[in-house]
Amino acid sequence: VQLQACGGGLVQAGGSMRLSCAASGTIFSRSVMGWYRQAPGKQREMVATITSGGSTNYADSVQDRFTISRDDAKNTVYLQMNSLKPEDTAVYYCSANYGIVRWGKGTQVTVSS
């Protein structure tokens, strides 16, 4: 599986942004897909995950602001981010876990105050 994330950029605090991650290969529909982020000087952390059955899990810091979804017909996972805060600034990575974890290249999200 190869992953390609896109949709990052610069947004003002309180704004919204949607990230997408397209996956190659046929194993996407059986994978747990996830979004992670890494801010400067910090460890990579889980933002949100979604199982093949659609069950979701969110970090407390993004609960009720971010929404993860998937479109298996398009092999794509999305992260809708609303009410963005400066502390959401990070490089965001998508991942696919099908027993083996694969990572995409990150996309920078910068939230200005």
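We count residues from 1, following the sequence as given.
Residue Glu45 places its CD atom among more than 12 non-hydrogen atoms of other residues, nucleotides or ligands, all under 6.0 Å distant.
Note: Tyr92 and Phe66 have tilted aromatic rings, judged against thresholds of 30 and 60 degrees for the angle between ring planes.
Tyr93 and Val101 fall within a single hydrophobic cluster, where Ile, Leu, Val, Met, Phe, Trp and Tyr side chains are chained together by heavy-atom contacts under 4.5 Å. Linking ILVMFWY side-chain heavy atoms closer than 4.5 Å, directly or via other members, places Met46 and Ile100 in two distinct hydrophobic clusters. Note on Ile68 and Tyr98: same hydrophobic cluster, where clusters join Ile, Leu, Val, Met, Phe, Trp and Tyr whose side-chain heavy atoms are under 4.5 Å apart, directly or indirectly.
For the side-chain contact (heavy atoms from CB on, under 4.5 Å) with Asn57, the lone residue among Thr49, Ile50, Val47 that qualifies is Thr49. When each of Asp88, Leu19, Val11 is tested with Met81 by the rule side-chain contact (heavy atoms from CB on, under 4.5 Å), just one qualifies, namely Leu19.
Taken from CG in Asn97 to OG in Ser52, the straight-line distance is 11.0 Å, to the nearest 0.5 Å. Rounded to the nearest 0.5 angstrom, Ser24 OG and Arg102 CZ are separated by 10.5 Å. Here the straight-line distance linking atom CD of Gln63 with atom OG1 of Thr56 works out to 7.5 Å at 0.5 Å rounding. Here OG of Ser20 is found 6.5 Å from CH2 of Trp35. Values are rounded to the nearest 0.5 Å.
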Please test Arg44 against Tyr36 for side chain to side chain contact (heavy atoms under 4.5 Å, CB included), starting from the C-alpha separation and ending with a verdict. CA-CA 7 Å; Arg44 189 173 299 188; Tyr36 292 73; 3.9 Å; yes
Walk me through whether Cys94 and Cys21 qualify under disulfide bond (SG atoms under 2.5 Å apart). CA-CA 7 Å; Cys94 65; Cys21 177; 2.0 Å; yes
Using the rule given for side chain to side chain contact (heavy atoms under 4.5 Å, CB included), can you reason through Leu3 versus Met33, listing the C-alpha separation, both sets of side-chain angles and the distance that settles it, and then say yes or no? CA-CA 11 Å; Leu3 305 170; Met33 301 301 298; 4.1 Å; yes
Evaluate the side chain to side chain contact (heavy atoms under 4.5 Å, CB included) criterion for residues Tyr58 and Arg65: first the C-alpha distance (whole Å), next the side-chain angles of each, then the deciding distance (0.1 Å), finally the verdict. CA-CA 10 Å; Tyr58 296 93; Arg65 297 190 297 123; over 6 Å; no
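Inter-residue side-chain proximity for Gln108 and Thr89 is flagged as met; some heavy-atom pair is nearer than 4.5 Å. Using a 4.5 Å heavy-atom cutoff, the side chains of Arg37 and Val62 are in contact.
Take Asn82 and apply the side chain to side chain donor-acceptor pair (under 3.5 Å) test, not counting sequence neighbours, and it matches Ser16, Gln80.
The backbone N or O of Pro86 lies less than 3.5 Å from no partner atom in the side chain of Ser113, so there is not a single donor-acceptor pair.
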